[in-house]
Amino acid sequence: MENKIRIVVCDDLPKIVQYFSDMVNSQPDMEVVGTAQSGAEVVSVVDETKPDIVLMDMQMEYQNAGVDATRTICEKNPGTKVIMITVHGEDDYMFEAYAAGVVDFLVKTEPKEEILKSIRTVYEDSDFVRPTAAKKIMNEFIELHKAKQSFMYVINIITALTPTELDILKMLYAGKNRRQIADERFSALETIKFHIRNILIKTNYKSTKELLNDIRHLRLFDDLKF
């Protein structure tokens with residue numbers, strides 16, 4: 001018989017450790033070679049046992065203990081793969097977990113068959129991301145891309161406008177009308193209107209209302225200094 005898949009089980013609840021240990025040891029091609037109940041402990045256990053796979057709880061001695069332990073394990077023992085197990089499919093932590101080196105993300109209540117399938121697939125080095133995880137990761141990348149685009153949009157506005165135009169845009173953003181801006185700048189009203197037309201041309205907007213609405217929506221203009 002081929003070598004068994006060597007697994008370490010880590011969870012801060014002894015009953016969960018026992019549950020996964022029994023599941024693994026019931027399979028002819030798998031065996032538990034170590035257990036741990038904290039992020040700090042599992043790092044030591046992995047150093048000692050050099051397992052193929054770690055079933056890693058996410059929230060143990062502190063909220064992100066599993067993610068931090070994963071990062072350390074992947075750095076020290078690159079041959080060991082980590083499958084994250086958690087109570088919920090937390091979107092906020094899933095992206096961070098994959099970034100730390102996790103190769104799959106399982107909810108503890110998933111059917112036994114799904115958990116065992118994940119272990120075998122990960123062990124065989126098959127490149128896959130579970131559909132639910134893939135969707136959440138894609139959504140995260142989309143949000144990051146949107147944030148980057150928004151940031152670059154504001155930067156482009158700043159670099160495209162002259163200091164005078166930026167100052168007028170700031171005053172518009174603060175809610176001042178054209179007459180008030182003209183008075184404060186000791187300028188003719190037509191001069192202010194001329195600058196505003198240039199601002200709209202450079203930013204490709206048809207009206208100041210649309211431009212200001214988008215800037216407010218981005219919430220990136222609030223902290224800028226002119």
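For the residue pair P14 and Q37, the shortest heavy atom distance occurs at CG-OE1, 3.8 Å. Minimum heavy-atom separation, R185 to I168: CD-CG1, 4.0 Å. In plain terms, the two heavy atoms of F20 and I85 that are nearest each other are CE1-CD1, 3.7 Å. Looking at every heavy atom in both residues, V103 comes nearest to V122 through CG2-CG1, 3.5 Å. Heavy-atom minimum distance, V45 versus T35: CG2-O, 3.6 Å. Contact detail for M84 and M56: the closest heavy-atom pair is SD-O, 3.2 Å.
Taken from NE2 in H195 to CD in E165, the straight-line distance is 7.0 Å, to the nearest 0.5 Å. Within the model, atoms OH of Y123 and OG of S118 stand 14.5 Å from one another, a figure rounded to the nearest 0.5 Å. The OG atom of S44 sits 9.5 Å away from atom CD1 of I73, with the distance rounded to the nearest 0.5 Å. Once rounded to the nearest 0.5 Å, the distance linking NZ of K108 with CE of M58 reads 10.5 Å. Within the model, atoms OG1 of T208 and CD1 of I196 stand 6.5 Å from one another, a figure rounded to the nearest 0.5 Å. One finds the CG atom of L200 at 6.5 Å from the CG atom of L211 (value rounded to the nearest 0.5 Å).
Counting only heavy atoms from C-beta outward, the side chains of M23 and I115 approach each other to under 4.5 Å. Taking the side chain as every heavy atom from C-beta outward, E114 and L106 never approach each other to under 4.5 Å. Side chains of M30 and R120 form a contact here, defined as non-hydrogen atoms less than 4.5 Å apart. Proximity of I119 to V24: side-chain heavy atoms (C-beta onward) are separated by under 4.5 Å at one or more points. For the pair R179 and L189, the minimum side-chain heavy-atom distance is below 4.5 Å. The side-chain heavy atoms of E190 and K193, taken from C-beta on, include a pair separated by under 4.5 Å. Counting only heavy atoms from C-beta outward, the side chains of T86 and Q59 never approach each other to under 4.5 Å. V54 is listed as a side-chain neighbour of V42, based on a closest heavy-atom distance under 4.5 Å.
Using a 4.0 Å cut-off between a side-chain N of Lys or Arg and a carboxylate O of Asp or Glu, D47 and K76 qualify as a salt bridge. Checked for salt-bridge contact, D68 and R71 meet the test: a charged N lies under 4.0 Å from a carboxylate O. Checked for salt-bridge contact, D104 and K81 miss the test: no charged N lies under 4.0 Å from a carboxylate O. The pair D52-K4 does not meet the salt-bridge criterion, since no charged nitrogen lies less than 4.0 angstrom from a carboxylate oxygen.
For R6 (side chain) and K50 (main-chain N/O), a donor-acceptor pair under 3.5 Å exists by modelled atom type. Put simply, the side chain of R197 never gets that close to the backbone of I192: no donor and acceptor are under 3.5 Å apart. A distance-only check finds a donor-acceptor pair linking the side chain of T203 to the backbone of I199 [under 3.5 Å]. Within the 3.5 Å criterion, the main-chain N or O of N177 finds a donor-acceptor partner in the side chain of Q180.
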Does the pair I7 and V9 meet the rule for a side chain to side chain contact (heavy atoms under 4.5 Å, CB included), with working shown? CA-CA 6 Å; I7 298 168; V9 178; 4.3 Å; yes
When you look at E61 and D12, which way does the side chain to side chain contact (heavy atoms under 4.5 Å, CB included) test go after all the steps? CA-CA 7 Å; E61 66 265 43; D12 60 346; over 6 Å; no
Test Q27 against K112 for side chain to side chain contact (heavy atoms under 4.5 Å, CB included), laying out the working first. CA-CA 11 Å; Q27 303 301 301; K112 173 182 174 181; 3.9 Å; yes
Before you tell me yes or no, could you show the steps for K209 and N213 under side chain to side chain contact (heavy atoms under 4.5 Å, CB included), namely the whole-Å CA-CA distance, both residues' side-chain angles and the distance that decides it to 0.1 Å? CA-CA 6 Å; K209 182 178 180 180; N213 281 342; 3.8 Å; yes
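In the hydrophobic cluster analysis, where Ile, Leu, Val, Met, Phe, Trp and Tyr join through side-chain heavy atoms closer than 4.5 angstrom, V17 is grouped together with L13.
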